[in-house]
Amino acid sequence: MIKFAPSLNQSLRMVAWSVVCTLALAPTVIASGSISAGSGGSVSQFGNLYKQGKIAFFKKVACSRPACPVKRDQVGDSLAGGLVESLRTRSELKLETSENDAIISVLCPGEKAGDCAGRPDEQEMVQYYLTRRFNING
């Protein structure tokens with residue numbers, strides 16, 4: 001039986017080729033972003049929930065348009081805490097509605113949100129975003 005043993009030159013070429021392939025693929029493997037991918041290569045459900053909540057919050061609640069209930073520069077710990085409390089108690093029977101209840105009503109499935117048929121629960125996503133972003137416990 002004939003045994004094949006690669007020469008030193010062939011071995012160096014194989015090592016060099018491996019290094020070139022690794023370097024060529026490195027940028028795609030080590031992509032940056034604010035939400036990291038899990039081992040399966042997809043965004044975690046909580047990272048996605050945070051991102052969607054942030055988008056809904058700044059699109060419908062705190063934006064620079066005149067129709068938005070809150071201006072972007074007004075967003076802070078106090079406002080976030082009040083909104084989270086309204087979001088947590090949104091399904092409870094209330095004697096009075098607060099200003100925060102009116103603000104969250106622009107998010108689906110709120111009464112001022114418009115057409116929410118088949119759309120995700122933006123109130124839940126915004127609650128998750130604000131709770132994480134402003135470190136609100138409870």
Side-chain angles (χ1 to χ4, degrees):
M1 181 154 47
I2 301 175
K3 289 187 177 182
F4 174 74
S7 69
L8 180 60
N9 197 18
Q10 290 173 329
S11 296
L12 289 175
R13 281 189 206 157
M14 289 191 301
V15 170
W17 182 248
S18 296
V19 170
V20 168
C21 289
T22 302
L23 292 175
L25 295 175
T28 59
V29 173
I30 309 171
S32 65
S34 60
I35 299 174
S36 63
S39 61
S42 63
V43 177
S44 74
Q45 73 179 34
F46 298 112
N48 199 23
L49 189 61
Y50 181 91
K51 182 179 176 183
Q52 290 174 337
K54 181 178 179 180
I55 290 168
F57 181 73
F58 285 107
K59 183 178 179 184
K60 291 188 170 185
V61 176
C63 62
S64 56
R65 293 188 323 262
C68 285
V70 175
K71 301 301 173 217
R72 289 187 92 137
D73 60 349
Q74 295 174 322
V75 178
D77 293 340
S78 177
L79 176 67
L83 292 175
V84 167
E85 181 60 30
S86 288
L87 288 163
R88 284 182 179 153
T89 60
R90 66 182 170 156
S91 62
E92 296 177 8
L93 183 61
K94 300 176 185 179
L95 296 176
E96 297 178 9
T97 58
S98 70
E99 181 180 329
N100 293 328
D101 293 333
I103 291 172
I104 66 167
S105 69
V106 301
L107 299 165
C108 286
E111 59 203 35
K112 295 180 186 174
D115 183 28
C116 292
R119 297 190 64 202
D121 187 339
E122 293 172 329
Q123 291 182 358
E124 180 181 348
M125 293 185 295
V126 168
Q127 179 182 345
Y128 184 80
Y129 163 70
L130 291 174
T131 301
R132 297 290 302 231
R133 167 64 181 85
F134 291 95
N135 197 25
I136 300 170
N137 296 320

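Note that the structure is predicted; figures quoted are calculated from it, not measured. As a basis for the values below, the full set of heavy atoms in this structure was taken, side chains included, without hydrogen atoms, waters or symmetry mates. One-based numbering along the sequence shown.
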The complete set of disulfide (SG to SG under 2.5 Å) pairs with one or both residues in residues 57-90, sequence neighbours excluded, reads Cys63-Cys68
* To do: Quick one: which residue pairs count as a disulfide (SG to SG under 2.5 Å) with a foot in residues 70-110, not counting sequence neighbours?
  =>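 Only Cys108-Cys116 qualify under disulfide (SG to SG under 2.5 Å).
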Donor-acceptor contacts, no H, no angles, side chain residues 74-87, under 3.5 Å, sequence neighbours left out:
unit_1 : atom_1 : unit_2 : atom_2 : d
Gln74  : OE1    : Lys71  : N      : 2.9
Ser86  : OG     : Gly82  : O      : 3.4
Ser86  : OG     : Asp101 : OD1    : 2.9

>> Evaluate Val126 against Ile104 for side chain to side chain contact (heavy atoms under 4.5 Å, CB included), listing each step before the verdict.
In response: CA-CA 9 Å; Val126 168; Ile104 66 167; over 6 Å; no
* Calculate, to the nearest 0.5 Å, the distance between atoms CD1 and OH belonging to Ile55 and Tyr50 respectively. =>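 Output value for this atom pair is 11.5 Å.
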Query raised in the report: In Å and rounded to the nearest 0.5 Å, what is the CG to OG1 distance from Asn100 to Thr89?
Result: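 Nearest 0.5 Å value for the CG-OG1 distance: 9.5 Å.
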For Leu130 and Ile136 the tightest heavy-atom approach is O-CD1, 3.9 Å
- Would you say the side chain of Pro120 lies within less than 4.5 Å of the side chain of Met125, judging by non-hydrogen atoms?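 Yes - at least one pair of side-chain heavy atoms lies under 4.5 Å apart.
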TODO: Not counting sequence neighbours, list each pair that qualifies as a side chain to side chain donor-acceptor pair (under 3.5 Å) and has a residue in residues 121-135.
DONE: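 Only Lys60-Glu122, Arg90-Asp121, Arg90-Gln123, Arg119-Glu122, Tyr128-Arg132 qualify under side chain to side chain donor-acceptor pair (under 3.5 Å).
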Worksheet item: Listed by chain and number, what are the side chain to side chain donor-acceptor pair (under 3.5 Å) partners of Ser105, not counting sequence neighbours?
Response: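 Partners of Ser105 under the side chain to side chain donor-acceptor pair (under 3.5 Å) test: none.
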So, using side chain to side chain contact (heavy atoms under 4.5 Å, CB included) as the criterion, who are the partners of Ala102 when residues are at least two apart?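 Per chain and number, Ala102 pairs via side chain to side chain contact (heavy atoms under 4.5 Å, CB included) with Lys112.
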Those residues at least two apart in sequence (or on a different chain) that pass salt bridge (Lys or Arg N to Asp or Glu O under 4.0 Å) with Arg72 are none
